[in-house]
Amino acid sequence: MNTYVVTSAPPSPDADPHLGLLAGSFLGADVLSRHLRQRGHHVRYVGYCDEHSTRVASRAAESGVTPHALARVVGDRMGDTLALGAMRPDWFTRPLTDTAHAHAVRRFFLGLWEAGVLEVRELPVFRCGPCGGRYLHEADVRGRCGHCAAPADGGYCGSCGLPQDPVRLADPRCAVCGAVPDTVPQRRIAFPLERYREQLAAYHDKARGEAEWRPRARTFVDRLLADELPAVPVSRKAGHGIPVPLPGWEEHVLDTGFSGIWGLVAATERLAEAYGERIAEAYDGDQAGGAPQLWSDPEARIVAFTGVDQLFLHTVLWPALLLAEGTLGLPGQVVVSEAVQPRGMESGAVWGGAFLRRTNADALRFHLCLTAAERAEGDFSLGEYADTVATVLAGGLETWTDTVLDLLAEDFGSAVPGAAPAGPMAVERRDLTLRIADALGAEAYSPLRAAEALATAVERAVVDVHRLRMLRDAGPGQEYAPGLAAHVELLAAFTVAAAPLMPGWSALLAGELGIAVDQESRLPVWAEEDERLVPAGTVLPDAVPVYFHEQ
């Protein structure tokens with residue numbers, strides 16, 4: 001059994017939860033976590049919403065609530081969106097909206113400062129005169145990316161992932177009044193990335209030798225390492241955020257890009273504590289001792305999920321900060337999902353919470369995996385979603401299930417035949433197990449390949465069960481009972497393998513087929529390759545409830 005820490009990118013509080021957010025990092029991390037737990041691994045899956053972000057402050061001011069309250073609401077909403085009305089996973093660590101995050105950020109900042117890792121530089125910042133000389137950061141300023149010309153704010157471009165600043169952001173405008181801001185120099189604390197070029201290159205070479213990183217991440221890192229790396233600001237003068245804990249810097253707060261990695265470390269340990277794994281003295285104060293156990297465990301494997309807009313943080317800045325800190329582990333895999341957009345005029349119908357609340361959770365999860373944007377930008381179409389439900393799920397999976405149960409009821413009194421499973425579906429059962437294990441492993445994670453393997457298994461099973469019915473109608477021969485037993489085993493293996501993608505449907509079928517369910521993970525248990533999931537003589541129901549409904 002291995003230990004895994006799975007993280008998802010902090011959700012942006014200035015955007016309501018929608019399918020674009022769900023289809024990327026959040027659903028991917030949830031599916032991986034379920035699969036790893038199902039295979040017996042120790043998994044801690046964590047995410048959080050940073051209440052200290054300027055995005056939270058801006059949105060909170062508009063809503064008339066405190067940043068603390070808004071962060072909790074955003075986190076709860078993301079958890080509900082991810083659950084899609086089904087089982088809500090425990091991915092969001094709400095205690096992180098207390099002092100734990102701030103303590104961790106200050107603690108790691110002071111460690112880097114005292115080690116001489118950080119330095120003071122004069123760097124340009126935006127300032128809006130009409131807004132009383134307010135400094136503009138992140139969502140406070142809007143413009144076009146200086147690298148790809150896509151719409152962007154003062155943070156990171158959602159199209160190319162590269163950071164923006166007053167030198168690069170084109171056509172900047174204040175997000176509040178629309179005025180063109182001035183650019184002025186400001187004394188800021190910075191992290192010189194260039195010092196860590198060789199260590200970063202070595203880290204990426206090692207990580208990509210052990211895991212199959214997606215092309216977008218590989219290309220992004222290679223492009224950055226080909227040029228001089230920037231000095232990344234760590235502090236900024238602002239009225240909201242975690243104050244810089246140094247004399248003479250009272251008006252400065254720590255940048256949210258810098259703080260994010262320490263937030264994930266703190267959130268992981270808080271989640272571990274929630275499971276009864278006490279981390280002694282770890283975050284009781286800025287100077288407290290006690291190493292973060294999971295992130296400092298050399299045997300723990302860290303898998304980070306992100307979208308394009310946070311590529312720079314997850315693949316460059318945060319690994320470099322971890323290298324500079326020196327005691328914590330680095331992600332062995334960074335899974336980057338491309339952007340997903342609604343197709344055509346359907347955006348209003350499918351992009352918000354109303355659609356998520358009324359649709360079938362497992363059907364949508366399966367379709368999002370089947371159409372996952374792993375290599376290129378993707379889109380979501382109501383028509384394609386309805387086709388997946390009609391052909392693969394309602395018209396495929398459920399038709400196959402009903403036919404198998406009908407044949408068992410008609411010819412064997414609903415008892416599983418004693419004959420050993422044989423024929424093409426016995427081979428399919430073995431191959432499906434191997435394909436899913438390979439597709440959902442952390443080293444080459446691909447929910448797309450997993451969903452395609454499941455869809456292919458359904459297609460082949462529907463064809464073969466029709467063949468079996470024809471054999472039976474012609475007079476059952478020696479192939480019939482072993483072939484039907486093979487279908488029962490394949491259906492059971494499908495139920496187990498599909499659980500990370502469709503947990504609700506899998507739980508239903510596992511109960512109907514009598515498959516063992518692990519009490520901790522609440523997922524059906526994998527069997528050894530030569531072990532029958534549904535033993536001979538097991539009496540199955542003659543029908544199961546309809547689960548998927550055509551859209």
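These numbers come from the heavy atoms of this one structure, side chains and all, not from hydrogens, waters or symmetry mates.
- Between Ile515 and Pro524, the closest heavy-atom pair is CG2-CB, 4.1 Å.
- What you find for Ala453 and Arg435 is that their closest heavy atoms are CB-NE, 3.8 Å.
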Dump the intermediate steps for side-chain contact (heavy atoms from CB on, under 4.5 Å) on Gln164 and Asp153, then the final yes or no.
CA-CA 7 Å; Gln164 308 299 305; Asp153 61 19; 5.8 Å; no
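- Side-chain contact between Tyr45 and Leu32: absent, with no pair of heavy atoms (C-beta onward) separated by less than 4.5 Å.
- Rounding to the nearest 0.5 angstrom, the gap separating the CG atom in Leu162 from the CG atom in Asp309 is 12.0 Å.
- Taking a 6.0 Å sphere around CD of Glu479, one finds it holds 12 or fewer heavy atoms contributed by other residues, nucleotides or ligands.
- Of the charged side-chain nitrogens involved, none lies within less than 4.0 Å of a carboxylate oxygen, so that Arg460 and Asp431 do not count as a salt-bridged pair.
- Taken from CD1 in Ile261 to OG1 in Thr7, the straight-line distance is 7.0 Å, to the nearest 0.5 Å.
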Is there a side-chain contact (heavy atoms from CB on, under 4.5 Å) between Gln333 and Trp213? Walk through the geometry before answering.
CA-CA 7 Å; Gln333 171 72 288; Trp213 286 42; 3.1 Å; yes
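- For the pair Leu484/Val404, a side-chain contact is recorded, criterion being any heavy-atom separation below 4.5 Å from C-beta on.
- With respect to Asp464 and Arg467, a salt bridge is recorded, a charged nitrogen being found less than 4.0 Å from a carboxylate O.
- Residues Asn360 and Ala363 share a closest heavy-atom pair of OD1-N, 2.9 Å.
- Note that CZ of Phe305 is 9.0 Å distant from OG of Ser8, once rounded to the nearest 0.5 Å.
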Verify side-chain contact (heavy atoms from CB on, under 4.5 Å) between Glu452 and Leu370, making sure each step is shown before the conclusion.
CA-CA 6 Å; Glu452 288 176 339; Leu370 187 62; 4.0 Å; yes
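- A side-chain donor-acceptor contact under 3.5 Å links Arg449 to the backbone of Ala444.
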Before you tell me yes or no, could you show the steps for Thr371 and Thr388 under side-chain contact (heavy atoms from CB on, under 4.5 Å), namely the whole-Å CA-CA distance, both residues' side-chain angles and the distance that decides it to 0.1 Å?
CA-CA 10 Å; Thr371 57; Thr388 295; 5.6 Å; no
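- Distance alone, capped at 3.5 Å, places no donor-acceptor pair between the Glu398 side chain and the Leu393 backbone.
- Here the options are Arg532, Arg429, His487, the test is side-chain contact (heavy atoms from CB on, under 4.5 Å), and the partner is Pro421; only Arg532 passes.
- A heavy-atom distance below 4.5 Å is found between the side chains of Phe494 and Leu397.
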Hey, can you pull the donor-acceptor pairs under 3.5 Å for the side chains in residues 495-513, sequence neighbours left out?
from   : atom 1 : to     : atom 2 : distance (Å)
Thr495 : OG1    : Leu491 : O      : 2.8
Ser506 : OG     : Thr495 : O      : 2.7

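- Remark: Glu212 engages Arg375 in a salt bridge, criterion side-chain N to carboxylate O under 4.0 Å.
- Side chain of Tyr445 to backbone of Gly28: a donor-acceptor contact under 3.5 angstrom is found.
- Going from atom CD of Gln38 over to atom NE2 of His35 covers 7.5 Å, rounded to the nearest 0.5 Å.
- By the 4.5 Å heavy-atom criterion applied to side chains, Arg34 and Arg522 are not counted as neighbours.
- Of the possible donor and acceptor atoms, none in the side chain of Arg44 sits under 3.5 Å from a partner among the backbone N and O of Thr268.
- At least one side-chain heavy atom of Val308 sits under 4.5 Å from a side-chain heavy atom of Arg216.
- A donor-acceptor pair under 3.5 Å is absent between the side-chain atoms of Glu443 and the main chain of Glu210, judged by distance alone.
- Side-chain contact check for Val221 versus Arg218: every heavy-atom pair is 4.5 Å or farther apart.
- Rounding to the nearest 0.5 Å places OG of Ser159 at 12.5 Å from CZ of Arg144.
- Looking only at atom types and distance, the side chain of Glu374 has a donor-acceptor partner in the side chain of Ser446 under 3.5 Å away.
- Trp526 CH2 to Ile436 CD1: the interatomic distance, rounded to the nearest 0.5 Å, is 6.5 Å.
- Smallest separation of non-hydrogen atoms from Pro319 and Leu200: CB-CD2, 3.9 Å.
- By the 4.5 Å heavy-atom criterion applied to side chains, Leu311 and Tyr156 are not counted as neighbours.
- The pair Glu489-Arg430 does not count as a salt bridge, with every side-chain nitrogen at least 4.0 angstrom from each carboxylate oxygen.
- When all heavy atoms are compared, the tightest approach of Glu410 to Arg469 is OE1-NH1, 4.4 Å.
- Proximity of a side-chain donor or acceptor of His314 to a complementary backbone N or O of Val336 within less than 3.5 Å is not detected.
- In this structure, the side chains of Val389 and His367 stay at 4.5 Å or more apart for every pair of heavy atoms.
- Note on Asp518 versus Arg37: no salt bridge recorded, every NZ/NE/NH1/NH2 to OD/OE distance being 4.0 Å or above.
- When all heavy atoms of Trp400 and Ala461 are compared, the pair lying nearest together is CE2-CB, 3.4 Å.
- In this structure, the side chain of Trp318 engages the main chain of Gly257 through a donor-acceptor pair within 3.5 Å.
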